[in-house]
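Encoded as structure tokens, the structure appears first; notes follow it.
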Amino acid sequence: MQTMTFTQQLLQYIPFFYVIWSDDLVTISEINVVQNTIEKDQTLSREEKDTLLSWLNPDKPPRDSEMKQWKHTISNSNERLIESETYPLTSFSNRVASHYHGPVDFNESLKHIEINLGIQPNHYNHLFDVEVKHASTSTYYNPKELDQILKGKHANLIDAFRETLNHSIFKWDIHRDKEDFRNIVLDQVKFLAGKGYGAMAYPEAYGGNNDMEGYAHMFENMMYVDGSLTIKFGVQFGLFGGSIQKLGTKEHHDKYLTDTGKTSLLGCFAMTETGHGSNVRGIKTTATYDKATDQIIIHTPGKNDNKEYIGNALHSKMASVFAQLIVNGKNEGVHAILVPLRDENHELLPGVTVKDNGYKLGLNGVDNGKIWFDQVAVPRKNLLNKYGEITDDGKYRSEIKNANKRFFTMLGTLVGGRICVARAGLAGAKFALTVAVKHALKRRQFNDSIKVQEDLLIDYPSHQLRLTPLVASAYVYHFALDQMMESYCDEKQPDKRVIETQVAGLKSIITWYANNSIQECREACGGKGYLLENRIADLKGDVDIFTTFEGDNTVLLLLAAKGVLSDFKAEFNSAGFTSVLKILGMQLNNTLTTINPVYSNKVDKEHLYNIKFHKHAFNYRTRRLTYTLAMRIRNYIKQGMPSYQAFLKVQTHLLTLGKAYSTELAYNTFIGKIEQLSEDKNKALLFKQGTLFALHEIRKDAEWYLEQGYIGSTKSKAIRQRVERLCTELRPHIGSLVDGFGIPEHCLTAPIAH
């Protein structure tokens with residue numbers, strides 16, 4: 001024990017004050033937290049309180065000589081800073097004081113400061129000339145508990161499915177020959193079908209249990225094995241089988257659905273054409289009813305009217321073909337018809353031509369191909385006739401008289417697939433983030449002349465900032481997609497248009513997020529991320545296509561924005577635009593108020609972390625963009641511009657609205673789900689994830705918020721600082737957060753993740 005001029009109580013505060021002033025860690029509002037804590041600390045004398053408060057005056061910071069004295073006092077204690085302790089700075093301060101004064105009681109007031117200011121070891125371990133006992137991650141949170149929350153009511157199903165994926169048939173390997181790769185994937189799909197997973201979303205009568213929600217969770221976990229398996233599985237059971245289930249009637253179900261679920265009937269979903277991708281209404285393939293033979297003639301009329309990018313095209317014996325149905329000379333719009341492609345010997349049937357699409361950027365285990373039809377005749381009964389049929393007397397009949405409504409009702413069956421694609425993209429992001437974070441918790445780079453070990457990658461603030469918000473987003477999007485699938489499967493909601501709009505937006509922002517996250521993870525892993533063995537390279541190629549299939553993201557965002565514009569009350573078209581505009585004007589004109597300058601510059605932690613602020617910020621952006629967009633379109637139309645041209649003029653505005661709406665939806669859905677959880681530390685952790693997501697998203701759109709006067713420059717800076725602070729606060733728990741994704745060890749095959 002050495003002689004010390006500071007009292008033992010003052011000495012315990014010195015490491016805190018050194019951190020505060022050296023790294024400029026706190027704002028004025030947080031200094032108030034420290035001041036209040038000092039006043040309430042009953043272990044301090046009045047004189048000691050006055051001394052501490054004088055050191056805390058932001059208008060008169062400590063002199064350099066004082067700072068040097070504090071650092072010298074800390075360093076000469078020879079005490080170690082132990083990162084793994086629950087309250088590392090408080091415990092370290094206690095040991096420093098004990099070194100000079102003998103045993104000192106643990107100061108609860110300091111613990112209060114450490115918690116409320118969110119000061120983490122990576123804020124300050126570089127400031128002290130002391131040995132640091134590094135801990136790569138904290139064990140405060142149990143990843144299994146987080147995984148259990150994410151699995152929710154589907155825990156038993158997910159656990160069983162993950163165990164199924166432990167079979168040797170799913171062992172990951174590098175495949176660069178597409179023929180071999182395709183055969184391996186086909187065997188995997190058949191294996192899962194044999195376990196009953198293929199038919200999961202089908203009715204019990206056909207081998208399933210009507211569990212579309214469980215199917216989506218399974219879809220996500222399949223991505224941990226391979227993207228090609230996931231998409232091949234989805235084409236067979238989701239698209240082909242789903243079209244039979246959703247667009248067909250009992251006769252089709254009885255004849256085809258059981259065999260589809262068992263893979264004894266392999267099929268494909270032939271919608272997209274070379275000349276028409278997202279514009280399904282404009283496809284050129286025809287299905288002409290011949291009353292004389294009671295057959296439907298499927299035909300590809302032009303060079304670019306063939307079906308393209310059709311998954312399962314090389315392995316299938318049947319296709320669900322979308323074509324313009326022509327009955328008695330009248331085009332009744334797009335319908336789906338089951339068309340046999342091959343015979344029992346797997347030879348193409350007369351009039352059918354199939355060509356391989358060849359190698360792609362990713363998903364080379366999926367046999368994508370082009371299909372042409374030359375006057376191929378199929379029985380009238382092959383028309384999937386839930387929404388429109390050809391009667392026995394050769395006439396077309398549909399209970400949905402409006403052709404537009406009928407078309408969109410049929411396309412509504414794709415919504416479940418879009419949720420699954422978003423889910424698969426999210427899984428790709430989770431996998432890449434898990435690999436990148438685990439690598440960053442082990443890989444060391446650079447140091448200074450004092451430390452023996454180099455620093456962990458994850459201890460660099462720049463590394464935290466690039467990965468932690470992405471992890472938080474993964475949690476937010478997980479719960480948002482959970483809710484979307486639950487709503488989609490709810491039979492009490494017969495009108496799915498609202499859900500279609502919501503899913504269109506979420507699919508877009510989540511698959512874009514997935515691609516951006518995977519790229520960030522690749523870079524965060526350096527050269528190791530570039531090696532095929534670490535899986536990120538293949539994920540980049542596989543997930544890339546998710547942004548343009550099951551609906552091109554740009555087109556889907558336009559759809560979401562138009563859904564917002566129409567207030568979800570009517571199909572949006574030029575004829576109904578005037579009435580829609582009136583609705584918008586009445587709803588929005590009186591609700592856009594001038595932002596109070598006090599509000600726009602409010603920067604205290606309680607405000608910036610408040611859910612009400614996040615919701616208001618997101619809602620204000622969506623509402624403002626909707627109103628200004630509607631006014632722009634109205635002005636163009638008043639000038640005599642056709643509505644179609646008016647929409648082209650504001651297309652970028654529409655896309656901005658679509659993204660804003662979808663981000664607000666994701667956050668609100670996440671908060672709604674988390675609020676239902678029981679109060680515990682996991683709930684608090686998830687709320688912190690939501691806070692980081694919200695502030696990070698607001699920060700990304702800071703330019704717009706600044707333009708609108710919603711936030712001032714001071715608040716913009718405070719939000720940026722809070723994002724960085726939250727990343728460092730979550731640093732000890734980042735390992736637990738990615739482990740909470742629940743990726744099985746037998747699937748996490750990247751060497752740098754171990």
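FYI, side chains are in, hydrogens and waters are out, and symmetry mates aren't considered; it's all heavy atoms of this structure.
- Looking at Asp542 and Lys540, no side-chain N of the basic residue comes within less than 4.0 Å of a carboxylate O on the acidic one, giving no salt bridge.
- Looking at Asn682 and Leu677, their side chains never come closer than 4.5 Å, going by heavy atoms from C-beta outward.
- Taking a cutoff of 4.0 Å between a charged side-chain nitrogen and a carboxylate oxygen, Lys688 and Glu729 qualify as a salt bridge.
- For the pair Met631 and Tyr627, the minimum side-chain heavy-atom distance is below 4.5 Å.
- Formation of a donor-acceptor pair under 3.5 Å by the Arg406 side chain with backbone atoms of Ile400 is found in this model.
- Using a 4.0 Å cut-off between a side-chain N of Lys or Arg and a carboxylate O of Asp or Glu, Lys507 and Asp552 do not qualify as a salt bridge.
- In this structure, CD1 on Ile20 lies 7.5 Å from CD1 on Ile31, to the nearest 0.5 angstrom.
- Outside the 6.0 Å centre-distance limit, the rings of Phe431 and Phe741 are not counted as a close aromatic pair.
- For Tyr475 and Phe670, the gap between ring centers reaches or exceeds 6.0 Å.
- With a 4.5 Å cut-off on side-chain heavy atoms, Leu692 and Thr468 count as touching.
- Within the 4.5 Å cutoff, the side chain of Glu213 has heavy atoms near those of the Glu486 side chain.
- The structure places OG1 of Thr547 at 5.5 Å from CG of Asn553, a figure rounded to the nearest 0.5 Å.
- Of the N and O atoms on the side chains of Ser736 and Asn142, not one donor lies less than 3.5 Å from an acceptor on the other residue.
- Val334 places none of its side-chain heavy atoms less than 4.5 Å from the side chain of Met410.
- Remark: the backbone N or O of Leu239 is paired with a side-chain donor or acceptor of Ser243 at under 3.5 angstrom.
- In summary, Lys615 and Glu664 do not engage in a salt bridge, as defined by a charged side-chain N under 4.0 Å from a carboxylate O.
- For the pair Lys659 and Asp701, the salt-bridge criterion is not met [side-chain N within less than 4.0 Å of a carboxylate O].
- Using a 4.5 Å cut-off on side-chain heavy atoms (C-beta onward), Phe479 and Ile149 make contact.
- Ion pairing of Arg418 with Glu500 is absent here, as no side-chain N (NZ or NE/NH1/NH2) approaches a carboxylate O to less than 4.0 Å.
- Side-chain atoms of Thr728 and Glu724 form no donor-acceptor pair, as typed in the model, at a separation below 3.5 Å.
- Under the 30°/60° scheme for interplanar angles, the aromatic rings of Phe693 and Tyr667 are found to lie parallel.
- The residues Lys700 and Glu697 are annotated as salt-bridged, a charged nitrogen and a carboxylate oxygen being separated by less than 4.0 angstrom.
- The existence of a salt bridge linking Arg466 and Glu523 is confirmed by a sub-4.0 Å separation between a basic side-chain nitrogen and an acidic carboxylate oxygen.
- Between the OG1 atom in Thr554 and the CD atom in Gln651 there is a gap of 8.0 Å [rounded to 0.5 Å].
- A 4.5 Å side-chain heavy-atom check between Leu737 and Gln689 finds at least one atom pair inside the cut-off.
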Tyr661 and Thr626: CA distance, side-chain angles, deciding distance, side-chain contact (heavy atoms from CB on, under 4.5 Å) verdict: CA-CA 9 Å; Tyr661 162 76; Thr626 303; over 6 Å; no
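- At least one donor-acceptor pair closer than 3.5 Å links the side chain of Tyr705 to the backbone N or O of Ala617.
- To the nearest 0.5 angstrom, Leu608 atom CG is 9.0 Å from Lys602 atom NZ.
- When side chains are defined from C-beta on, Val503 does not count as touching Tyr488, because their heavy atoms never get closer than 4.5 Å.
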Verdict with supporting geometry, Arg621 and Thr656, side-chain contact (heavy atoms from CB on, under 4.5 Å): CA-CA 10 Å; Arg621 179 165 160 79; Thr656 303; 3.5 Å; yes
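- A salt bridge does not link Lys673 with Asp482: every distance from a Lys NZ or Arg NE/NH1/NH2 to an Asp or Glu carboxylate oxygen is 4.0 Å or more.
- At a cut-off of 3.5 Å, with distance as the only test, no side-chain donor of His614 or Thr691 sits close to an acceptor on the other residue.
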Test side-chain contact (heavy atoms from CB on, under 4.5 Å) applied to Met200 and Asn210, step by step: CA-CA 6 Å; Met200 178 176 292; Asn210 282 304; over 6 Å; no
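- The aromatic rings of Phe613 and Tyr710 sit parallel to each other, their planes meeting at less than 30°, with 60° as the upper class boundary.
- Residues Arg281 and His276 bring no donor and acceptor atom of their side chains to less than 3.5 Å of each other.
- In this structure, the separation between CZ on Arg634 and CG on Leu629 is 12.5 Å, given to the nearest 0.5 Å.
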Evaluation steps, side-chain hydrogen bond (donor to acceptor under 3.5 Å, both in side chains), between Lys612 and His607: CA-CA 8 Å; Lys612 291 182 179 179; His607 168 67; over 6 Å; no
